[in-house]
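Quantities reported herein were computed from a predicted structural model and do not represent experimental measurements. Just so you know, ligand 1 is whichever comes first in the structure, and atom 1 is the first atom listed for that ligand.
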Amino acid sequence: MAAQIERKQIDSTPLRESGVPIIWVLGGPGSGKGTQCERIVAKYGFTHLSSGDLLRAEVQSGSPRGQQLNATMERGELVPLEVVLDLLKEAMLTKLSSSKGYLLDGYPREAAQGEQFESEVAPCSLVLFFNCSDATLTERLLKRGQSSGRVDDNEETIKKRLNTFHQHSKPVIEKYASKCKDINAERAPDDIFKDVETSIDALLAAKA
Ligand code: AP5
Ligand code: MG
């Protein structure tokens, strides 16, 4: 499939030269990536880019590529890495002049995505990993599925999303362990956010 994907020529040099912090926000499906990113944006004014939201916007555009992406997401599988990286790069460049930092929510989801990002864009400054059991994740997503309208918030796809997470995304956390903060995400959002603040404050202090 990757062979059919036409890459866009996007020059990421301005991103690399800006030195703006880049935070990868990882965790299983329903671990609270989006929830915590909203809070980070409110406190630190960072730019939040969710790879899932960018893909869903591409699906909404009604393009042939969007239809393919929707089918992949409905199966709970990963879309081709070039598609996500190009969408992210474009979105990051669009926001560069006003960005104090980037939160990449749900990226990278496989080791190759991390490697490609750091070689084509810039090194990541910090990884936040929201660690949560499959039982809790399933419960949250089934609850959200009652009203979310997302094609992947159903029992069958949730199982597949969890499998994809364990098989492909867990290795990312191991690979980048030296930059990674492992945060217990079984707790209430406010308690989780306290740990998030500690990690981000330390990053900003080190950069100052
Ligand atoms: P994506 O949209 O990223 O979905 P996901 O990873 O499955 O995670 P969610 O967005 O469902 O959950 P979340 O962690 O943001 O949690 P939330 O805050 O919403 O990706 C969708 C698909 O796109 C993928 O399966 C894949 O196909 C494709 N894709 C995306 N990125 C890709 C990539 N990089 N490469 C390839 N393919 C990619 O919270 C969930 C629920 O729990 C909410 O109802 C919330 O209110 C509740 N909640 C949150 N925190 C708490 C808490 N502490 N306690 C109790 N409830 C909580
Ligand atoms: Mg999300």
Heavy atom of the protein closest to atom 28 (C) of ligand 1 (residue, atom name, distance): Leu55 CD1, 3.6 Å
Atom 19 (O) of ligand 1 has as its nearest protein heavy atom Arg144 NH1, 2.8 Å
Are Gly27 and ligand 1 in contact, using a heavy-atom cut-off of under 4.0 Å? no
Polar proximity ligand 1 side, Pro29 side, N/O cut 3.5 Å exclusive: no
For atom CD of Glu156, is the number of surrounding heavy atoms from other residues, nucleotides or ligands below 6.0 Å larger than 12? no
Give a yes/no on ligand 1: does Arg150 have at least one heavy atom closer than 4.0 angstrom to it? yes
How far is atom 15 (O) of ligand 1 from the closest protein heavy atom, and which atom is that? Gly34 N, 3.0 Å
For atom 49 (C) of ligand 1, what is the nearest protein heavy atom, given as residue, atom name and distance? Thr35 OG1, 3.3 Å
Once you restrict to heavy atoms under 4.0 Å, what part of Leu78 touches ligand 1? Side chain, backbone, both or neither. both
Any heavy atom of Thr164 closer to ligand 1 than 4.0 angstrom? no
Enumerate the atoms of ligand 1 whose separation from the nearest heavy atom of Ile192 is less than 4.0 angstrom. 53 (N)
Considering only the protein, which heavy-atom contact is closest to atom 26 (C) of ligand 1, and what is its distance? Glu77 O, 3.3 Å
Asp105 side, atom CG; His48 side, atom NE2 - distance, nearest 0.5 Å: 3.5 Å
Can you tell me the protein heavy atom closest to atom 6 (O) of ligand 1 and the distance? Arg109 NH2, 2.3 Å
Among the heavy atoms of Arg56, does any lie under 4.0 Å from an atom of ligand 1? yes
For ligand 1, note which part of Leu81 has a heavy atom under 4.0 Å away: side chain, backbone, both or neither. neither
d(Ser51 OG, Leu81 CG) to nearest 0.5 Å is 12.0 Å
Looking only at protein heavy atoms, what sits closest to atom 8 (O) of ligand 1 is Lys33 NZ, 3.1 Å
Only one of Leu26, Leu49, Ile23, Val25 passes side-chain contact (heavy atoms from CB on, under 4.5 Å) with Leu104, and that residue is Leu49
Just so I know, are the side chains of Tyr44 and Asp201 near enough to count as touching, which here means a heavy-atom distance under 4.5 Å? yes
Do any nitrogen or oxygen atoms of Leu141 lie less than 3.5 angstrom from nitrogen or oxygen atoms of ligand 1? no
Can you list the atoms of ligand 1 that are under 4.0 Å from a heavy atom of Gln113? 33 (C), 34 (N), 35 (N), 36 (C)
To the closest 0.5 Å, what do you measure between OG (Ser12) and CD (Glu17)? 11.0 Å
For Asp152, counting its heavy atoms only, list the atoms of ligand 1 lying under 4.0 Å from any of them. 21 (C)
Measure the OG1-CG distance between Thr157 and Leu162 for me, rounded to the nearest 0.5 Å. 11.0 Å
Under 4.0 Å to a heavy atom of Arg187 - the qualifying atoms of ligand 1, by number: 52 (C), 53 (N), 54 (N)
So does Lys160 have more than 12 non-hydrogen atoms from other groups sitting under 6.0 Å from NZ? yes
Could you tell me how the ring of Trp24 sits relative to the ring of Tyr176: parallel (under 30°), tilted (30 to 60°) or perpendicular (over 60°)? perpendicular
For the 3.5 Å polar cut-off, considering only N or O atoms, please tell me whether Ser51 and ligand 1 meet it. yes
To the nearest 0.5 Å, how far apart are CG in Leu87 and CG in Leu69? 8.0 Å
Does ligand 1 have an atom that lies less than 4.0 angstrom from a heavy atom of Cys37? no
For atom 23 (O) of ligand 1, what is the nearest protein heavy atom, given as residue, atom name and distance? Met73 CE, 3.4 Å
Find all atoms of ligand 1 within a distance of less than 4.0 Å from any non-hydrogen atom belonging to Val79, and give their numbers and elements. 36 (C), 37 (N)
I'd like to know whether ligand 1 has Glu110 as a neighbour, heavy-atom separation below 4.0 Å. no
Electrostatic pair Asp134-Lys159, nearest N-O below 4.0 angstrom: no
NZ/NE/NH1/NH2 to OD/OE distance under 4.0 Å, Glu197 and Arg39: no
By number and element, which atoms of ligand 1 are closer than 4.0 Å to a non-hydrogen atom of Tyr107? 34 (N)
Kindly write out the residues that satisfy side-chain contact (heavy atoms from CB on, under 4.5 Å) with Glu186, not counting sequence neighbours, or none if the list is empty. Cys132, Ser133, Thr136, Asn184
Given Lys160, Arg161, Arg140, Gln146, identify the one with the heavy atom nearest to atom 54 (N) of ligand 1. Arg140
Under 4.0 Å from a heavy atom of Gly28: give me the atoms of ligand 1 that qualify, with their elements. 14 (O)
Give a yes or no on whether the backbone of Gly27 and the side-chain of Lys33 come within a donor-acceptor separation of less than 3.5 Å. yes
Could you grab the distance from atom CG of Leu126 to atom CD1 of Ile22, nearest 0.5 Å is fine? 11.5 Å
Do other residues, nucleotides or ligands put more than 12 heavy atoms under 6.0 Å from the NZ atom of Lys179? yes
So for Ser31, does at least one of its heavy atoms come nearer than 4.0 angstrom to any atom of ligand 1? yes
